[in-house]
Amino acid sequence: MEITYPCGREEIEAVLPHRAPFVWVSRVLACKPGVSVTAELDVPADLPLFSGHFPDYPVLPGVIIMEALAQAASFSLLVERGAEGAIGFLAGIDKAKFRQQVRPGDTVTLEAEIVKSSHRLCVAEVRASVDGRVCATATQKYILANGDAAQSAPEGSQA
């Protein structure tokens, strides 16, 4: 699939298997398939989860930031492999650090550098930032499913 950057929701949904309300990448600014990606997530002020997290001081949950980073990294991996629509499972998050809150109305820059990519296991160093201030960093591990995702995913891994 030939993609020019920056690209938006149409190309993202052509590559990632995620759909609303669980697509956490708004646009991909740059991508070196299988090497690195820079993407963005616009955080809408009216996101329903803010009504409970937290009503008087809304903050984007860290797990959503980690998911957005995983989706951005997966975009780079799937484009490189020509595996658009394949399902990747988050198999581990190491050294996660949350340094700054993400608030309604923020645009989060999502960066991933792929440091290992074998047939099934991929590892990426990821970083989220807002206005140049680092919000979160981690080393993430993914397993790409072959064939039927439910049968290919190891027990305990998350989609």
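- For the atom pair CZ of R127 and CD1 of I65, the computed distance is 14.0 Å after rounding to the nearest 0.5 Å.
- Across all their heavy atoms, S76 and S36 have their closest contact at OG-O, 3.6 Å.
- The two residues A72 and V25 come nearest to each other via the heavy atoms N-CG2, 3.9 Å.
- M66 and V63 fall within the same hydrophobic cluster, defined by Ile, Leu, Val, Met, Phe, Trp and Tyr side-chain heavy atoms under 4.5 Å apart, directly or through other members.
- The distance from atom OG of S74 to atom CG of L90, rounded to the nearest 0.5 Å, is 8.5 Å.
- A distance of 9.0 Å separates CZ of F89 from CD1 of I143, quoted to the nearest 0.5 Å.
- In this structure the side chain of T107 reaches within 4.5 angstrom of the side chain of D42, judged on heavy atoms.
- Across all non-hydrogen atoms, the minimal contact from E13 to H18 is CG-O, 4.3 Å.
- Linking ILVMFWY side-chain heavy atoms closer than 4.5 Å, directly or via other members, places V134 and W24 in two distinct hydrophobic clusters.
- Annotation: the span from E125 atom CD to L69 atom CG amounts to 11.5 Å, rounded to 0.5 Å.
- Both tests hold for R103 against Y57: distance to the six-membered ring centre under 6.0 Å, angle to the ring axis within 45°.
- Looking only at side-chain heavy atoms (C-beta outward), L121 and Y142 stay at 4.5 Å or farther from each other.
- Contact record, F98 with A136: CD2-CB, 3.8 Å, taken as the closest heavy-atom pair.
- Note that CZ of R9 and SG of C7 are 12.0 Å apart. Values are rounded to the nearest 0.5 Å.
- The minimum heavy-atom distance linking E80 with G34 is given by the pair CB-N, 3.2 Å.
- Pairing each heavy atom of L16 with each of Q71, the nearest pair is CD2-O, 3.7 Å.
- Looking at M1 and V79, their side chains never come closer than 4.5 Å, going by heavy atoms from C-beta outward.
- The shortest distance between side-chain heavy atoms of E11 and Y5 does not fall below 4.5 Å.
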Could you go through the side-chain contact (heavy atoms from CB on, under 4.5 Å) check for V126 and L110 one step at a time?
CA-CA 7 Å; V126 297; L110 309 166; over 6 Å; no
Test side-chain contact (heavy atoms from CB on, under 4.5 Å) applied to V15 and I3, step by step
CA-CA 10 Å; V15 173; I3 301 174; 3.8 Å; yes
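- You'll find the side chain of E84 stays beyond 4.5 Å of the side chain of L78, heavy atoms only.
- You'll find the side chain of F50 reaches within 4.5 Å of the side chain of V43, heavy atoms only.
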From CA spacing to verdict: side-chain contact (heavy atoms from CB on, under 4.5 Å), L47, L60:
CA-CA 9 Å; L47 199 60; L60 190 67; 4.0 Å; yes
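- Separating the CD atom in E40 from the CG atom in L29 is a distance of 4.0 Å, to the nearest 0.5 Å.
- Although no hydrogens or angles enter the test, the distance criterion places no donor-acceptor pair under 3.5 Å between the side chain of Q101 and the main chain of V59.
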Starting from the C-alpha separation in whole Å, work towards a yes-or-no answer on side-chain contact (heavy atoms from CB on, under 4.5 Å) for R81 and L144.
CA-CA 11 Å; R81 293 170 183 228; L144 299 179; 3.3 Å; yes
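- Side-chain atoms of P61 and H53, non-hydrogen and from C-beta on, do get closer than 4.5 Å to each other.
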